[in-house]
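Read through the structure below, which is laid out as structure tokens, and then see the notes.
Nothing here was measured: the structure is a model prediction, and the numbers come from that model.
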Amino acid sequence: MIEIRCKNNKKSQKFPTGTLLSEIFKAFNLKMEYGPISAKVNNKVVGMHYCCYHDKTVEFLALPDPSAMRCYTRTLFMVLCKAVKDLFPEGSVVIDIPVSNGYFCDLKIGRPVSSFDVDKLRNRMQELIDADLPFTRHEATTEEAIEIFRKLGSNSKIRLLETLGQMYTTYYELDGYIDYYYGTLMTSTSQLYLFGLEKYYDGVLLRIPSMKNPAELGELIRQDKMFEIFQEHHRWQDILHIGTVGAMNEVVTKGGSTLLINVSEALQEKKISRIAEDIASRQGVRMVLIAGPSSSGKTTFCKRLSIQLVTCGIKPVMMSLDDYFVDRTQTPRDESGDYDYEHLHALNIPLLNEHLQKLFAGEQVQLPRYDFQTGRSERDGHVLQLGEKDVLVVEGIHALNPELTAQIPAKMKYKVYASALTTILLDTHNYIPTTDNRLLRRIIRDYKYRGCSARDTIRRWPSVRAGENKWIFPYQENADAMFNTAMLFELAVIRGQAIPILEEVPENCPEYTEAYRLLRFLKYIKPIPADQIPPTSLLREFLGGSSFVY
């Protein structure tokens, strides 16, 4: 017998060795409206098919828990892929872009995708769900798994598995259909209680339950500019013939990392140059507003854009929104009663607009300086006056919010949204969350420059994400230009600094769950030494060694 300690109800119970988690859940008589989807066993996320052979501490997960949502989404991916194979045996699908509160899936069936095709696909998915089919988990040697996928013609999975160096591989089977997924799946199709499938551009949009309310689908929001920036980077990947981690690993193994870095950096610089030229071509622009979520590399982007503006005959003048914080005593508070520095009204908006109007009128302005230690806005005698060809460059999370600069005419403003949007896939059915890229950047930066452990950064991350969802993402489509700060080779360089930091997170703390997940993910990627990237690279903002002064 073994003892299972359940964190959900803080009770312990004895079970025979080898008992399934699904049976343990029933024995504890827990009630979960949207679960259980998966579970944490000793702070590691596993599926409900997991067998317990030793004493364990277990926490069962339901929606909208992020780990549960990932498991639910992966399971839905497999049902979609199975349905595609059933209806279009010669066709294929790529789980591609997270957009519009869902996932764009590139459906290739030898002709344009019609609404009729999408209806058939949606109905077939529902039939598979209604049939209550089991997901069978298999474990085999990696050589055996590669041979299975070779017979199925799954080249992206073969390339990934061949470069992993693992002895054993886990894959899943659904009614004779075999696939590989990074992370666990649910145990039965009938657990998928809600999904949506819509025609979207030249493919389909797979919709999932809302994180706010799992009883409903996430709101369908058009994100045309966001979609285009993903597509642009796919075109860049086609130039390099690298769309998946397996393909990138092959390039790195064969010594092609230098070319990969140089071309990626050049493509990014070319994009920055085009944005600068667009700004210069617009009559009356006096202000460039740059917004983006945490760790998107906004600061380095500002510096590189400023250089390109100079080449266009424009003198950029930097202004920091941080200096326009209101006194701490006037700062809005969040639901927990803590100061909410990410709130729009944590900034002195009337003073900012007053100063902007004076600057654009050619007047001299004495800028404020916010003292983060005392929590007070002060005047230190720093004055600013704009010349005829000067353009203000302002960076901050609220920069695209119309309320921030409401008193400045729209024709005077050029708005840029910058974010790290990961476009490379693990394989054609396993996308990489864009938030993972930013979280890894932040973990490294906080550790190196702010004295924060990975545990501290992971603990604060949900609060950071909540602020982004409230104050940044609703305004991203307001941008005149979007810039993707992520690079194809980035994760291969980041991994070297991220792994040792993540390994410091102790197993007995809640943050270990996320640290362990990120560690497992990073081990899919072959490393590239950081000394191969140039000092002007945007990545240097996080890794160190930049030629820019921060």
Side-chain angles (χ1 to χ4, degrees), residues 7 40 43-45 59 61 64-70 211-212 291-299 321-322 325 328 331-347 370 372-373 375 395-399 418-422 432-474 485-486 491 494-495 497-522 539 541-544 550:
K7 294 182 71 173
K40 292 181 185 178
N43 283 330
K44 296 178 182 177
V45 176
E59 179 183 2
L61 304 176
D65 177 89
S67 295
M69 185 62 80
R70 281 190 286 265
M211 287 291 285
K212 291 181 179 179
S294 173
S295 303
S296 56
K298 298 184 295 295
T299 305
L321 287 179
D322 285 355
F325 276 121
R328 189 171 295 152
T331 302
R333 294 181 182 268
D334 60 20
E335 295 81 1
S336 305
D338 297 324
Y339 290 118
D340 187 357
Y341 293 105
E342 295 187 334
H343 197 288
L344 175 64
H345 295 113
L347 297 174
Y370 187 77
F372 284 89
Q373 290 187 332
E395 172 251 312
I397 65 171
H398 300 293
S419 187
L421 305 171
T422 312
I432 297 172
T434 59
T435 51
D436 284 357
N437 197 341
R438 291 194 293 113
L439 176 54
L440 288 165
R441 284 179 173 186
R442 181 160 175 146
I443 286 170
I444 293 169
R445 184 196 65 190
D446 286 359
Y447 186 87
K448 291 174 71 74
Y449 302 114
R450 300 183 180 180
C452 293
S453 66
R455 181 181 179 183
D456 293 333
T457 302
I458 291 170
R459 184 190 302 119
R460 287 196 294 266
W461 190 241
S463 175
V464 172
R465 297 278 291 124
E468 294 169 352
N469 287 327
K470 185 174 182 180
W471 297 113
I472 301 175
F473 298 148
T485 66
L491 293 168
I494 277 180
R495 110 190 261 286
Q497 291 196 18
I499 287 177
I501 301 171
L502 290 166
E503 286 175 339
E504 293 181 8
V505 179
E507 185 180 359
N508 63 352
C509 71
E511 294 77 22
Y512 179 78
T513 302
E514 190 73 347
Y516 177 75
R517 183 184 70 84
L518 292 171
L519 280 168
R520 286 188 62 238
F521 159 65
L522 287 172
L539 270 187
E541 180 177 331
F542 308 94
L543 302 178
Y550 297 97

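For the pair Phe325/Leu347, a side-chain contact is recorded, criterion being any heavy-atom separation below 4.5 Å from C-beta on. Two residues are said to be in side-chain contact when any heavy atoms from C-beta on lie closer than 4.5 Å; Pro64 and Lys212 fail this criterion. Taking 4.5 Å as the limit, some side-chain heavy atom of Ser67 sits within range of a side-chain heavy atom of Arg70. Contact check for Asn437 versus Ile494: side-chain heavy atoms found under the 4.5 Å cut-off.
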Practice task
Quick one: do Arg438 and Arg465 satisfy side chain to side chain contact (heavy atoms under 4.5 Å, CB included)? Show the steps, please.
Solution key: CA-CA 11 Å; Arg438 291 194 293 113; Arg465 297 278 291 124; 3.6 Å; yes
Practice task
Apply side chain to side chain donor-acceptor pair (under 3.5 Å) to the pair Tyr447 and Gln497, showing each step before the final yes or no.
Solution key: CA-CA 10 Å; Tyr447 186 87; Gln497 291 196 18; over 6 Å; no
Exercise for the section: Please assess Leu502 against Leu522 for the test side chain to side chain contact (heavy atoms under 4.5 Å, CB included), listing each intermediate value before the final yes or no. Expected result: CA-CA 11 Å; Leu502 290 166; Leu522 287 172; 4.0 Å; yes
Exercise for the section: Check step by step if side chain to side chain contact (heavy atoms under 4.5 Å, CB included) holds for Arg328 and Tyr341. Expected result: CA-CA 9 Å; Arg328 189 171 295 152; Tyr341 293 105; 3.0 Å; yes
Practice task
Just do the side chain to side chain donor-acceptor pair (under 3.5 Å) check on Tyr339 and Arg333 with the steps written out, would you?
Solution key: CA-CA 4 Å; Tyr339 290 118; Arg333 294 181 182 268; 3.0 Å; yes
Exercise for the section: Go through the steps to decide whether Tyr512 and Arg517 satisfy the test side chain to side chain donor-acceptor pair (under 3.5 Å), and finish with yes or no. Expected result: CA-CA 8 Å; Tyr512 179 78; Arg517 183 184 70 84; over 6 Å; no
Exercise for the section: Start with the C-alpha distance between Thr422 and Thr435, add both sets of side-chain angles, then the distance that settles side chain to side chain contact (heavy atoms under 4.5 Å, CB included), and finish with yes or no. Expected result: CA-CA 8 Å; Thr422 312; Thr435 51; over 6 Å; no
Practice task
Output, in order, the C-alpha distance, side-chain angles, deciding distance and verdict of side chain to side chain donor-acceptor pair (under 3.5 Å) for Arg441 and Thr485.
Solution key: CA-CA 12 Å; Arg441 284 179 173 186; Thr485 66; 3.1 Å; yes
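Annotation for Glu342 and Gly467: closest pair OE1-CA, 3.5 Å, computed over non-hydrogen atoms. Considering all non-hydrogen atoms of both residues, Ala291 and Ile397 come closest at CB-O, 4.0 Å. Looking at every heavy atom in both residues, Val464 comes nearest to Ser294 through CG1-CB, 3.7 Å. Closest approach of Tyr449 and Leu543 over heavy atoms only: OH-C, 3.9 Å.
Put simply, CD1 on Ile443 and OG1 on Thr457 are 6.0 Å apart, with the number rounded to the nearest 0.5 Å. Rounded to the nearest 0.5 angstrom, Trp461 CH2 and Asp446 CG are separated by 9.5 Å. Taken from CD in Glu59 to NZ in Lys7, the straight-line distance is 5.0 Å, to the nearest 0.5 Å. Distance check, rounded to the nearest 0.5 Å: SG of Cys452 to CD1 of Ile458 gives 12.0 Å. Note that the CD atom of Glu503 and the CG atom of Leu519 stand 5.5 Å from one another [nearest 0.5 Å]. Expressed to the nearest 0.5 Å, how far CG of Leu61 lies from OG1 of Thr513 amounts to 8.0 Å.
Cation-pi check for Arg442 over Phe542 is not met; the charged atom does not lie both under 6.0 angstrom from the ring centroid and within 45 degrees of its normal.
Ion pairing between Glu514 and Arg455 fails under the 4.0 Å rule for side-chain N and carboxylate O.
Checking side-chain atoms of Arg445 against main-chain N and O of Glu541 turns up no donor-acceptor pair under 3.5 Å. For the pair Asn43 (side chain) and Glu507 (backbone), a donor-acceptor distance under 3.5 Å is present. Using a distance-only test at 3.5 Å, with no hydrogens or angles considered, no donor-acceptor pair links the side chain of His398 to the main chain of Leu321. Lys298 places a side-chain N or O within 3.5 Å of a backbone atom of Pro293 that can act as its donor or acceptor partner.
Between Phe372 and Tyr370, the angle of the ring planes goes over 60°, which puts this pair in the perpendicular group of the 30/60° scheme.
A donor-acceptor contact under 3.5 angstrom links the side chains of Asp456 and Ser453, judged on distance only.
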